[in-house]
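See structure below.
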Amino acid sequence: MATENKKAELTDLEQFRLDHGLALKEEPQLTTLNLGPTHPATHGIFQNILQMDGEKIMDAVPTIGYIHRAFEKIAERRPFYQITPLTDRMNYCSSPINNMGYHMTVEKLLGITIPKRAQYIRVIMMELARISDHLICNSILGVDSGAFTGFLYVMQEREHIYDIYEEVCGARLTTNMGRIGGMERDLSPKALHLIDEFLKRFPKVWAEFEKMLTRNRIFIDRTTDVGAISAERALSYGFTGPNLRATGVDYDVRVMNPYSSYEDFEFEIPVGSKGDTYDRFLVRNEEVWQSLKIIEQAYKNLPEGSYHADAPHYYLPPKQEVYRNMEALIYHFKIVMGEIDAPVGEVYHSVEGGNGELGFYLVSDGGRTPYRLHFRRPCFIYYQAYTEMIKGGQLADAILTLSSLNVIAGELDA
Amino acid sequence: MTENLFYFLTSLTLLSALMVVISKNPVHSVLFLIITFFTISGHYILLNAQFLAAVNIIVYAGAIMVLFLFVIMFLNMGKNAENAVKTSVISKIAGTLAGGLLFVVMIAALKDAAIVGYNPETYNSQVGMVENLGKVLFTQYLLPFELASVLFLVAMVGAVMLGKKETGEQHF
Amino acid sequence: MELTNENVLGKIISEFGEENIWDALNPDGIMTITTNRESIHELIKYLRDDEELQISFLTTMCGIHFPDHKDKEMCMMYQLHSLRHNYRIRIKVFMPASDPVMPTMTDLYATANWMEREAFDFYGFIFTGHPNLTRILNIEEMEYHPMLKQYPLEDQTREDKINTYFGR
Amino acid sequence: MEPLSNRSKKVQKREMTFTERAYLPAIAQGLGITLKHFFKKKATVQYPEQTRERSDVWRGLHVLKRDENGAERCTACGLCAVACPAEAITMTAGERKAGEEHLYREEKYAVTYEVNMLRCIFCGLCEEACPKAAIFLQDDKLAPARYERDEFIYGKDRLVEPLKTTETK
Amino acid sequence: MESVDLLYKAIYILAIFGITLLIATYSTYFERKIAAFIQDRVGPNRAGPAGLLQPLADAGKLFFKEDFIPNKASKALFILGPGIAMLVATMSSAVVPFGDKLIIGGHEINLIAIDVNIGVLYVFGVVSLGVYGLMVGGWASNNKFSLLGAIRAASQNISYELAMGLSLIAVLMLSGTLSLREIAEQQSGFNWNIWYQPLGFIIFLVCAFAECNRTPFDLPESEAELIGGYHTEYGSMKLGMYLFAEYINIFVASAVMATLYFGAYNFPFMEDLRAAISDPVLANNVVTIVGLVAMFTKIFLFIFFFMWVRWTLPRFRYDQLMKLGWQILIPLAILNIMLTGGGILLKEYLF
Amino acid sequence: MSDNNDIKLVEAPDGISGAGFFATSFEKVIGLARKHSLWPLPFATSCCGIEYMATMGANYDISRFGSERPSFSPRQADILMVMGTIAKKMGPVVKQVYEQMAEPRWVIAVGACASSGGIFDTYSVLQGIDRIVPVDVYVPGCPPRPEQILDGLMRVQDLAENESLRRRNSPEYQALLASYNIK
């Protein structure tokens with residue numbers, strides 16, 4: 001049927017080809033281009049073998065696993081509290097979210113509820129992490145489209161976020177922040193001061209960054225309709241987070257299944273319409289503003305109270321107690337040796353990570369280590385849609401799509 | 001001095017023109033063709049026709065040959081075209097015959113043609129300058145000039161028509 | 001309809017029968033049911049297409065290895081989510097280690113493709129009908145499935161480590 | 001798809017106006033921003049000469065602390081080695097002999113104590129695990145870069161806090 | 001031509017050549033410094049005082065780096081590529097009038113290397129050849145990224161040459177000559193072409209960016225897409241020559257723009273200055289030297305502008321670049337020609 | 001294999017080693033030039049790559065050392081900065097990149113993962129890149145602070161400054177490369 005219809009609309013050239021026994025369309029001569037694993041635009045590490053017709057991508061075969069580190073296997077051999085440093089290294093752009101998502105999972109297993117203050121501190125830290133994640137993603141999008149400078153402007157702000165992390169936990173990137181049962185220390189006056197300053201300074205910088213790119217026609221042309229994906233396909237691919245929201249689905253774990261007192265805060269879920277690169281850029285931009293709003297609320301209404309749960313079986317006693325108190329010393333030894341009495345069971349807990357629903361599926365057989373810990377890593381899940389998203393586009397589009405997806409290799413490969 | 005330069009340029013022209021035909025690699029052919037254009041521009045300069053020399057370089061070497069090279073590089077992208085072309089013995093013989101015949105025809109045609117020289121005394125050395133060229137073009141040769149421009153326009157329209165893809169397909 | 005564990009379970013059992021759905025648990029607020037591999041594909045398809053349930057988002061899937069459970073060594077876990085009703089459900093399928101064969105879900109969910117490849121890579125599950133069941137994270141030449149409990153975690157080529165120091 | 005919650009907000013995505021289509025105004029605006037930064041105070045901290053301030057809780061290079069009398073606090077209980085996710089700490093314990101009370105605080109002490117700085121991930125779990133407050137991650141020192149792999153095994157000679165000069169002799 | 005004149009000319013040509021190289025060398029330094037300042041950094045400051053020896057360090061390193069020719073590359077062409085790029089780039093500054101005439105010991109020295117009557121066409125022709133360096137090098141590398149870069153360079157240069165030529169024609173219509181020196185002379189004082197040709201200047205500026213492969217038109221070497229584009233496979237001094245050629249091109253483009261639109265060595269109140277000095281020879285020399293300074297100031301401002309833009313804008317995509325060239329710039333340039341023609345006719349009709 | 005690191009030539013005092021015989025001021029000048037123009041190839045795979053971004057950023061500014069031009073093409077790079085975990089799958093790629101680099105070339109292993117495998121003592125991770133390519137400078141930390149990365153860069157600068165022009169032709173260096181199976 002279709003072929004007959006087509007026949008009627010043959011152009012002269014096609015008629016000529018048909019008459020002379022030639023193929024209706026000239027087969028394009030494809031070039032194979034190896035994008036990665038050391039290509040500058042692959043940031044982390046993955047390989048794409050592209051079939052190109054000139055500058056147009058006809059097909060792509062992705063290869064991943066170049067930094068597969070066997071997180072899930074390590075997690076089966078380490079006591080619960082030693083897994084936190086592993087989660088740091090999954091999505092290293094927003095480690096605190098990973099840390100705290102994991103902590104919440106274990107707390108769910110152990111049945112601990114943590115005080116409001118600790119929850120609020122967690123919210124502040126997680127939102128800061130989200131900001132720094134989106135900062136990197138959006139500014140890298142700028143770098144890959146050729147505008148390097150905006151990246152360095154927002155990078156300075158990221159340093160300020162790192163200063164806050166440093167004040168809270170003592171590290172910049174791989175934070176190992178918080179403990180099972182709360183935070184490791186209360187917010188110091190300096191940390192509060194830094195957060196306050198950040199809230200004052202950051203909006204200006206971010207507005208400036210937006211001004212540099214958002215309405216620049218070169219940038220709009222580069223990103224509009226590039227790497228678009230429909231909501232149906234995105235859901236089928238298991239997209240979550242900003243990439244799903246860019247297609248117009250307002251799914252956000254923070255709203256759907258509030259954790260850590262997210263129900264206390266007023267914020268909106270930015271959604272896009274077409275799911276293209278420009279939408280993803282705008283959604284992330286807007287999410288940064290929303291995160292700022294959340295931090296502001298949490299900072300203003302920070303409740304009094306303890307920064308950790310009263311759970312002596314799981315939360316390390318304060319050092320001073322250990323020196324003096326025999327009971328505390330015993331708990332201390334038991335916790336460090338990993339001999340806590342984890343109940344048998346399985347839990348799934350998910351948080352809204354920088355890139356989407358970051359889920360932890362934990363099976364415990366009552367031993368000192370998790371029996372099985374599976375990470376639902378958003379990057380792993382949506383990177384497989386990349387092939388579909390870049391087909392028919394150009395090489396330059398593929399690179400921008402990759403940046404705007406914000407695929408973090410550490411999370412992708414686990 | 002000028003004479004030596006002339007002979008040097010001429011031999012270079014012939015040599016590179018020959019290499020255009022002989023070279024197996026099409027890219028090398030194109031590069032030799034560019035050298036040929038250069039030497040021809042050199043001849044123009046010797047004739048004090050700097051405008052022609054510059055235009056020759058801009059149009060031929062700077063634009064047309066770049067396109068040639070462009071196309072050849074594009075087609076060459078996959079594999080080496082050198083081995084792809086196989087000439088059979090018959091085609092070689094046919095080629096030789098055709099070339100020889102052309103040569104005979106040219107000799108026959110040029111045998112009686114008179115070579116018009118210029119008298120050094122009355123020759124105006126400024127004849128190749130832009131102003132003179134422009135004057136001649138827009139007075140004496142106005143009709144051919146305008147016809148040529150129409151021809152170019154037609155060619156351009158044709159190229160656009162041919163180059164236009166079917167609707168819906170985006171290429172580049 | 002408000003989705004609760006009871007009425008979802010009731011719907012599923014009335015559709016598939018007691019013999020195919022068993023062990024309904026609720027360990028962490030998410031209903032966990034066990035089924036067999038004959039009905040898993042149909043079950044997930046039913047959950048996806050049913051107008052009332054709309055459990056049409058495959059959150060994650062992963063393998064688990066229980067070497068001590070006789071004939072139920074291998075477990076495949078699917079976790080689904082209904083975005084419309086914000087309802088999650090977990091489905092498990094157990095099978096013997098000698099026969100880790102499962103039907104593929106790639107025709108239902110695009111995301112299942114890599115997840116199944118990962119499960120194959122880690123545990124050696126065979127997904128019948130999968131378009132490209134090859135290793136995804138590890139190198140092609142690897143001879144075993146590293147997440148099985150019997151294989152060691154550590155790099156076997158490392159020589160600068162003295163095991164006696166570590167009480168693990 | 002109809003919204004799942006009532007909190008969604010469409011990101012603004014308006015058509016380009018004519019001035020935006022003309023490239024130049026947006027370019028001029030961008031140029032303005034960069035020019036403003038051209039004359040701004042520079043953020044750079046020139047590292048070897050100046051150092052950026054670090055927080056008091058920064059997890060830097062390890063140190064084995066002494067107590068107020070100059071005796072080593074470490075009692076070689078091994079908790080830090082167990083707590084280390086990177087397996088970077090090794091130690092052998094020894095009994096304190098008579099006459100060494102001024103050297104070691106407890107009856108057991110670490111004969112050797114090695115931290116492999118290349119393996120260490122500076123997570124701070126050892127500091128947290130230590131019941132004797134012996135091992136600390138200092139905030140004012142960073143592990144330096146070196147040429148050889150062997151140089152990164154920090155033994156007691158480099159880990160133990162040096163005695164204060166007034167107290168020795 | 002007398003031998004003394006020849007000697008002066010030789011000295012002048014050498015000087016121009018040296019200055020070109022020097023400016024190209026230090027352009028790298030300024031590029032890095034300007035980038036740093038725009039980005040709130042301080043930039044190179046360890047090599048020599050304030051990092052002033054940085055370009056020399058780079059050159060020294062590049063010279064003594066292992067010279068490498070990839071196995072599969074076409075060897076002769078691989079070497080030829082950067083050579084062409086460098087040669088063509090250095091050739092083009094020959095017809096640019098950097099200053100008016102200088103009178104030394106009764107000899108008049110025109111501060112222009114070759115005064116040909118088709119100077120504009122010369123620059124145009126030489127610049128159009130520059131793309132061969134990139135194409136040949138990119139093709140000879142036998143690397144797909146290089147080839148893509150070469151192809152992008154070729155199509156981009158051809159497309160933008162057209163618009164550039166068309167915008168130039170308007171200037172030629174105004175001045176009625178092809179000689180750069182005469183064009184410069186006509187703009188004496190503050191009578192610069194930019195006042196008559198603002199649209200033409202913008203078109204020319206955009207095309208100059210494209211011809212120099214500078215952001216936002218740096219597609220042939222766009223790092224994020226093609227790693228290094230045509231020079232991906234080049235290392236050591238061959239790479240150095242490509243980078244060098246790029247900066248020389250910027251310098252020449254700046255010089256040509258200054259000559260065509262910003263009055264070359266002319267500066268406001270030039271005649272007042274000339275009149276103020278009684279000795280005509282001295283007056284001429286002073287004015288020429290101030291003019292020389294003015295010329296170089298203009299050139300440096302343009303070079304700064306090139307760099308400023310580079311560190312601000314994102315780059316185009318290939319098809320958008322083509323669209324801009326063919327569908328926007330060329331029609332605009334034709335419009336500009338028509339306006340200019342109309343203006344000239346109107347002027348003749350009125351006066 | 002790790003023993004081979006001992007062969008690394010730290011050309012300490014001038015005039016004592018064999019090359020010192022030829023040590024001229026020219027050599028010193030080239031050494032200085034190389035020192036101030038070390039173009040890195042940032043082989044960033046994971047977390048340390050993000051800290052490298054911070055090192056490039058305004059607050060630390062690696063450009064002060066003349067090293068801000070990242071050369072993603074190995075032909076143009078002088079130092080290979082391996083940042084982040086190198087899995088066994090990635091190993092051959094690192095080696096290939098190293099082989100493609102032109103002499104003189106240096107390697108910095110930034111961070112615990114690249115230097116020793118760090119926390120990831122697993123079946124899939126290479127326990128330090130010095131198993132496949134010779135490493136000149138190790139930078140500890142997980143990830144190192146930008147200060148430490150700059151520190152590592154300065155160590156390489158010291159190496160570059162004091163290296164004789166002939167070192168890359170010396171039999172010791174050839175033996176070092178041969179021990180890694182690099183032609």
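Chain identifiers are assigned alphabetically (A, B, ...) following the order of the sequence lines, protein sequences preceding nucleic acid strands; residue numbering begins at 1 within each chain. The structure presented is a predicted model; accordingly, all values stated were derived computationally and were not measured.
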Identify which part of E/L77 has an atom lying under 4.5 Å from any heavy atom of chain B, answering side chain, backbone, both or neither.
side chain
For chain E, find which of B/V55, B/I58, B/L67 contributes the most heavy-atom pairs closer than 4.5 angstrom.
B/I58
Report yes if some heavy atom in the side chain of E/Y122 is under 4.5 Å from a heavy atom in the side chain of B/Q50; otherwise report no.
no
Does E/M338, at its CE atom, have more than 12 non-hydrogen atoms belonging to other residues, nucleotides or ligands within less than 6.0 Å?
no
What residue in B/A61, B/A63, B/A54 has the most heavy-atom pairs under 4.5 Å with chain E?
B/A61
Give, as side chain, backbone, both or neither, the part of B/L31 having an atom under 4.5 angstrom from any heavy atom of chain E.
side chain
Interatomic spacing from CG in B/L52 to CG in E/L121 - rounded to 0.5 Å
10.5 Å
Has B/F37 got more than 12 heavy atoms of other residues, nucleotides or ligands less than 6.0 Å from its CZ?
yes
Is any side-chain heavy atom of E/W139 closer than 4.5 Å to one of B/L69?
no
Ignoring hydrogens, what is the shortest heavy-atom contact between B/I57 and E/G125? Give both atom names and the distance.
CG2-O, 4.2 Å
B/V66 and E/A154: which non-hydrogen atoms are nearest, and at how many Å?
CG1-CB, 3.8 Å
B/V59 versus chain E, heavy atoms under 4.5 Å apart: side chain, backbone, both or neither?
neither
Between chain B and each of E/L129, E/V127, E/L162, count heavy-atom pairs under 4.5 Å; write down the option with the most.
E/L129
Passes side-chain contact (heavy atoms from CB on, under 4.5 Å), B/F51 versus E/L178? Steps please.
CA-CA 10 Å; B/F51 177 76; E/L178 283 171; 4.0 Å; yes
Within a 6.0 Å radius of atom CD1 on B/I90, are there more than 12 heavy atoms belonging to other residues, nucleotides or ligands?
no
